[in-house]
Amino acid sequence: MKFSEIESEQWESLKPYLDTCLLPLGGLHGSESPIEVITALEKLRDVLDIVEVPYKGRVVTYPAIQYQWHEEVTFVQMVDQICHQLKQQFTFVIVVTADEKIENMQFAHADMLVSSKHLDNPMKEEILQSVQQLWTKV
Amino acid sequence: MSGEHNEQPKKSVFRKEMSRRQFLSYTLGGSGAFMVGVPLLYNVRFAVDPLLKPDADGEYVKVVEVSEVTQEPQSFQFERLIVDGWYKNDTTFEAWISKDESGNIFALSPVCKHLGCTVKWNGSQDFSDEYFCPCHAARYTKDGKNLTVAPAPLDEYPVKIEDGWVYLSTTKPNSRV
C-alpha cells in the first residue's frame with residue numbers, strides 16, 4: 001500500500017506485516033517536456049503495479065526519487081544511502097524504476113530491482129516468484 | 001330597556017401602508033434572492049450530478065463462456081467501468097470461477113481479507129486444493145472459507161448465467177460459508 005494510506009494509529013499494529021519497502025526512482029533530468037514526463041511517470045506506475053497490486057498487504061510504497069541530477073556514481077551512492085536508512089524501518093527494500101539507465105545500476109543495499117523488463121510474462125511471473133523467495137529469507 | 005343600545009365605539013380604520021423603505025427592501029431583496037438562488041440551484045444540481053446518476057456498480061459484466069468453467073477454480077480477468085464522482089475509468093478485475101459439487105457456478109474475489117494481497121488457487125505447494133496468500137500465508141477453502149490468518153471468508157461475485165455466458169456483478173460478502 002502507499003505510505004499515505006496508513007493511518008498513524010494503525011502503523012504499530014501493521015508494522016510486523018508490512019516489512020517490504022518499495023522505492024520508486026523516476027530518473028527524470030528536468031530536460032523532459034511535459035508529455036515526456038507524463039509518459040515516464042505512467043510507465044513507472046505500470047512497473048510499480050507489478051509488485052504493489054498483488055502484494056499490497058506486505059509492501060509500502062515510499063515517496064519516489066523523481067530526479068536524477070547527480071553524476072551516476074553519486075546517484076547510486078545517494079540511493080544506496082536511502083536504502084540503508086529504509087532498512088532501519090523495513091526488512092526488505094525493493095527499488096522500482098522504468099528508466100533504462102537506472103535499470104543497469106547496482107544498488108548494494110537494495111534487495112531487488114524491478115524494472116520495465118518485468119512488465120510482461122514470463123519475466124513478470126519470475127520477478128513475483130523472486131519476491132516471494134526473498135520473503136522466505138526472514 | 002330595549003331602547004338601550006350599547007353602541008360599540010367606532011374603530012378607527014387603520015390602513016397598513018407600506019413605507020417607501022419597506023417597498024424597496026422587499027423588491028430589491030426579492031430580486032437579489034432570485035438572481036442568486038437560480039444560479040445557485042443549477043450549480044448545486046451540477047455539483048451533485050454524479051450522486052443522482054443511477055449506480056452502475058451493480059451491473060453485470062460478461063466474463064467467460066459457461067463451457068470453460070470447470071470444477072477446478074480458474075482465474076479470469078474482466079473490465080468494469082468505475083465511476084468515482086466525475087472520474088471514469090475502466091478497471092481490470094479478477095475472479096476465481098468454478099463449479100461446486102452440484103454443478104452451480106460461483107465466483108470468488110482474489111483479494112485476501114487479511115491485508116488485501118492477491119490469493120491464488122494452489123498458490124502453495126504445501127497446501128493443495130486451497131487458496132493461498134503469498135504475503136502472510138492466509139489460506140481459504142474452495143468455497144472461500146478462511147482457514148488461517150484472515151479474519152473473514154473471500155468475497156463473492158454475484159453470478160448470472162445468460163445465453164451460455166457467465167456474468168459477474170460487484171463483490172458482496174461470501175454467502176457460501
Visitor: Pick one of side chain, backbone, both or neither for A:Leu128, based on which atoms fall under 4.5 Å of a heavy atom in chain B.
Guide: neither
Visitor: Tell me whether B:Phe106 is reachable from B:Val66 by hopping between hydrophobic residues (I, L, V, M, F, W, Y) whose side-chain heavy atoms are closer than 4.5 Å.
Guide: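 No; tracing contacts between hydrophobic side chains, which count when under 4.5 Å, never links both residues.
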Visitor: Please report the shortest heavy-atom distance between A:Pro54 and B:Cys135, naming the atom on each side.
Guide: O-SG, 4.3 Å
Visitor: Are A:Val131 and A:Leu48 linked, directly or through other ILVMFWY residues, by side chains that come within less than 4.5 angstrom of each other?
Guide: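 Result: yes, single cluster for both.
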Visitor: Do B:Val111 and B:Val159 share a hydrophobic cluster (ILVMFWY, side-chain heavy atoms under 4.5 Å, transitive)?
Guide: no
Visitor: Is there any N or O donor on one of chain A and chain B with an acceptor on the other under 3.5 Å, and could you list each such pair with its distance?
Guide:
| unit_1 | atom_1 | unit_2 | atom_2 | d |
| --- | --- | --- | --- | --- |
| A:Tyr17 | O | B:His136 | NE2 | 2.9 |
| A:Pro54 | O | B:Thr118 | N | 2.9 |
| A:Arg58 | NH1 | B:Cys135 | O | 2.6 |
| A:Glu125 | OE2 | B:Lys120 | NZ | 3.2 |

Visitor: Counting heavy atoms not belonging to B:Met35, are there more than 12 under 6.0 Å from its CE?
Guide: no
Visitor: Same cluster or not: are A:Ile82 and A:Leu113 linked, directly or through other Ile, Leu, Val, Met, Phe, Trp or Tyr residues, by side-chain heavy atoms under 4.5 angstrom apart?
Guide: yes
Visitor: Which of residues 93-105 of chain A get closer than 4.5 angstrom to chain B, counting heavy atoms alone?
Guide: none
Visitor: Can you get from A:Ile65 to A:Val60 by hopping between Ile, Leu, Val, Met, Phe, Trp and Tyr side chains that sit under 4.5 Å apart?
Guide: yes
